[in-house]
Protein chains: 2
Amino acid sequence: MNLLNGIEILDFTSRLPGPLAGYILSDLGANVTKIESRLKPDPFSESHLQFVSPAFNDWYQQLNQNKSLIQCEFDDPQLHERVNKADLIVIPKNKFFLDWIKYLKPKVVLQIAAGEKEFSSLHDLNALALTSTFNLHLQENQSPPYLPIAGLSFGSHIATTALACLLKFQQTKLPLTQTVTLKETVELIFEAFKSESFEHSPKQLHNGALPCYNIYQSKDHKFLCLAAVEEKYWKLFCEIFNLDLTMEDRFNKSEEIFEKIRKKFASITANEISNIIEDKQVCLTFVK
Amino acid sequence: MNLLNGIEILDFTSRLPGPLAGYILSDLGANVTKIESRLKPDPFSESHLQFVSPAFNDWYQQLNQNKSLIQCEFDDPQLHERVNKADLIVIPKNKFFLDWIKYLKPKVVLQIAAGEKEFSSLHDLNALALTSTFNLHLQENQSPPYLPIAGLSFGSHIATTALACLLKFQQTKLPLTQTVTLKETVELIFEAFKSESFEHSPKQLHNGALPCYNIYQSKDHKFLCLAAVEEKYWKLFCEIFNLDLTMEDRFNKSEEIFEKIRKKFASITANEISNIIEDKQVCLTFVK
């Protein structure tokens with residue numbers, strides 16, 4: 001997409017959310033430059049962190065793949081000139097950067113932080129703990145979720161807020177500094193999905209209560225995501241897999257229904273399943 | 001936030017991702033109106049879907065709380081006038097809406113869809129199946145994740161793309177139609193977190209391999225999220241909880257270390273833990 005062609009963004013952030021925001025904005029066409037201090041590179045690129053999690057370096061490569069990367073000293077006058085020319089700079093909200101930009105004239109500054117005061121050092125898992133919906137996860141599993149999903153959400157929200165700042169600047173032509181925090185983001189987004197009903201029925205359609213929306217395995221242990229919620233998909237699904245189930249059975253929580261579907265899939269290979277589906281739309285997808 | 005004050009958005013979408021985008025844009029200050037057909041209301045508001053998942057109605061209320069809601073017929077001339085005046089309209093990408101806007105003159109149209117062709121009927125779970133990282137989830141749990149996280153990601157990305165369209169329009173003053181899909185969004189965002197290393201070590205820091213970043217329980221069964229990854233947090237954490245552990249132990253995967261921490265928390269109540277933490281920053285958060 002080239003929606004943001006011509007927009008110059010300087011990204012001074014590191015690790016996950018800030019770089020993810022730059023990655024999203026770059027995908028939309030912005031010209032994003034990641035600026036790293038020579039003295040203090042992005043921890044995700046450093047070898048000692050690879051010992052903690054070898055994925056971090058892959059994440060670093062992928063999130064920053066379409067950006068220019070500059071390693072420099074922060075007292076470089078050329079850098080100062082670029083800051084003043086850029087449409088937007090994204091910086092961590094900390095004393096160093098606050099002092100540093102005092103002497104510069106950036107148009108739009110987006111500051112990112114975990115949160116204010118006692119929330120200034122939230123990691124992903126701490127942020128999820130601030131959302132009541134996280135109890136749904138804990139009912140199933142007492143390990144952290146498979147991806148740092150608070151950070152994914154925060155990265156997207158930094159990107160959205162960045163563009164909102166640019167729109168405001170286009171309107172007013174006045175320099176603008178805005179802060180966006182992980183804490184406020186997860187409270188905004190994850191808390192929008194709370195429901196009193198979870199107290200009585202923590203398992204619902206979306207998290208696997210029903211046979212029509214669930215995960216199954218083929219004979220050769222390939223995972224299949226079934227989401228045949230609508231009548232037409234369920235009907236066709238039962239037809240092509242020769243399953244003797246009624247329309248109502250798709251919402252029937254009794255183990256017997258699940259077992260019929262499980263048994264069917266366990267009796268055929270992934271290849272055979274693909275041949276049965278052909279190009280029919282039944283909302284059944286193999287996991288990549 | 002008032003960054004988007006004065007921006008008029010008409011949202012013709014239903015269910016989760018489109019309304020979430022409107023919710024995010026409204027939080028940033030935009031004036032969002034949700035337009036529902038009198039004949040075909042948002043399924044999340046309908047009583048028959050409450051039987052499938054009682055949370056849907058809460059989600060409907062929460063995602064649309066700060067919007068004006070209009071129920072009308074789509075051949076209403078007043079509606080047509082509003083469409084032409086609005087800064088942006090968000091519509092589902094389908095034949096009905098494509099035909100309908102042909103006779104109108106909207107400035108910016110954002111169309112949302114699950115995907116093109118065989119991907120036109122993806123549900124959340126099908127979309128997650130298209131991302132290789134979903135295998136990490138399946139190693140732990142063969143139920144869908146606790147929230148429709150593909151839809152959460154898509155909702156945020158619709159919001160970001162909407163603002164990118166508005167910036168483009170401000171620059172060119174030319175009418176603009178853009179499509180954003182669930183499939184492309186999850187491929188963009190979730191696939192940025194793939195890593196070859198997951199094949200050999202599917203458990204890493206972020207998903208619970210290490211004692212310093214994990215979930216524990218107090219004596220009275222309250223969940224605690226610990227993320228004391230940095231030396232200073234781990235040091236203080238061990239100090240205040242009187243845990244005889246070394247700096248290296250925070251990255252030590254042996255069961256013995258986990259067990260020491262588990263036993264400590266299992267011996268004290270949530271209240272006692274809160275008193276021990278006081279206002280110290282140790283990246284330890286009770287789940288809400």
Side-chain angles (χ1 to χ4, degrees), chain A residues 3-4 23-24 27-28 52-55 58-59 62-63 118 121 123 125-126 129-138 140-144 146-149 156-157 159-160 163-168 170 188 192-193 195 197 204-208 215 223 225 227 251 279 281 283 285 287-288, chain B residues 3-4 23-24 27-28 52-55 58-59 62-63 118 121 123 125-126 129-134 136-138 140-144 146-149 152 156-157 159-160 163-168 170 188 192-193 195 197 204-208 215 223 225 227 251 279 281 283 285 287-288:
Chain A
L3 294 169
L4 300 180
Y23 166 85
I24 292 168
D27 176 72
L28 288 165
V52 178
S53 177
D58 290 327
W59 295 1
Q62 281 145 209
L63 293 176
E118 71 265 39
S121 51
H123 277 285
L125 197 53
N126 306 115
L130 300 176
T131 64
S132 59
T133 49
F134 196 51
N135 288 295
L136 286 180
H137 172 78
L138 296 170
E140 294 275 316
N141 190 325
Q142 287 156 39
S143 246
Y146 75 105
L147 283 181
I149 56 174
S156 282
H157 200 58
T160 311
L163 298 186
C165 290
L166 288 175
L167 276 163
K168 185 77 178 177
Q170 284 221 350
L188 178 74
F193 294 91
S195 170
S197 72
Q204 300 194 14
L205 170 82
H206 74 275
N207 58 345
I215 296 164
F223 286 110
C225 289
F251 302 137
D279 56 355
Q281 302 229 356
C283 293
T285 317
V287 176
K288 193 177 171 184
Chain B
L3 294 168
L4 300 180
Y23 166 85
I24 292 168
D27 176 72
L28 289 165
V52 178
S53 177
D58 291 326
W59 297 359
Q62 281 146 206
L63 292 176
E118 72 265 39
S121 51
H123 278 285
L125 198 53
N126 305 114
L130 300 175
T131 64
S132 59
T133 49
F134 196 50
L136 286 181
H137 172 79
L138 297 169
E140 295 275 317
N141 191 325
Q142 288 156 38
S143 247
Y146 76 106
L147 283 180
I149 56 174
L152 267 69
S156 282
H157 201 57
T160 312
L163 298 186
C165 289
L166 287 176
L167 276 164
K168 185 78 179 177
Q170 284 220 349
L188 178 73
F193 294 91
S195 169
S197 72
Q204 298 193 14
L205 171 81
H206 72 274
N207 58 346
I215 295 164
F223 285 111
C225 288
F251 302 136
D279 55 355
Q281 301 230 356
C283 293
T285 316
V287 176
K288 192 179 171 182

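The analysis underlying the following values was restricted to heavy atoms, covering all of them including side chains, and did not include hydrogens, waters or symmetry mates. So you know, we letter chains A, B, ... as the sequences are listed, proteins then strands, and number each from 1.
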Kindly give the heavy-atom pair with the smallest separation between A:His123 and B:Cys283, and that separation in Å.
CD2-SG, 3.9 Å

Using 0.5 Å steps for rounding, measure from the CG atom of B:Leu138 to the OH atom of A:Tyr146.
8.5 Å

Give me the atom names and distance for the closest heavy-atom approach of A:Ser156 to B:Ser156.
CB-CB, 3.5 Å

In this structure, CG of B:Leu28 is separated from NZ of A:Lys168 (nearest 0.5 Å) by 11.5 Å

Would you please name every residue forming a ring pair (Phe, Tyr, Trp, His ring centres under 6.0 Å) with B:Phe193, sequence neighbours left out?
A:Trp59

Given A:Ala159, A:Pro148, A:Ser132, A:Ala192, the one with more heavy-atom pairs under 4.5 angstrom with chain B than any other is A:Ala192

Side chains of A:Leu167 and B:Leu3 in contact at under 4.5 Å (non-hydrogen atoms)
no

Interchain contact, A:Leu125 with chain B, by part (heavy-atom threshold 4.5 Å):
both

All heavy atoms of A:Gln204 vs all of B:Ser53, minimum pair found to be OE1-OG, 2.5 Å

Please name all residues satisfying ring pair (Phe, Tyr, Trp, His ring centres under 6.0 Å) with A:Phe223, sequence neighbours left out, ordered by chain then number.
none

Bottom line for B:Leu4: the part with an atom under 4.5 Å from chain A's heavy atoms is side chain

Could you tell me the separation between the CG atom of B:Leu147 and the OG1 atom of A:Thr131, rounded to the nearest 0.5 Å?
7.5 Å

If I take atom CG from residue B:Asp27 and atom NE2 from residue A:His157, how far apart are they, to the nearest 0.5 angstrom?
5.5 Å

Among B:Ile24, B:Asp279, B:Asn141, B:Leu188, which residue has the highest count of heavy-atom pairs closer than 4.5 Å to chain A?
B:Leu188

Report the option among B:Thr285, B:Asn126, B:Leu163, B:Asn207 that has the most heavy-atom pairs separated by less than 4.5 Å from atoms of chain A.
B:Asn126

Looking only at heavy atoms, the pair that brings B:Gly208 and A:Pro144 closest together is CA-CD, 3.5 Å

Between A:Pro54 and B:Ser195, which heavy-atom pair has the shortest distance, and what is it?
O-OG, 4.4 Å

Here the pair of heavy atoms bringing B:Glu118 nearest to A:Gln281 is CA-NE2, 3.5 Å

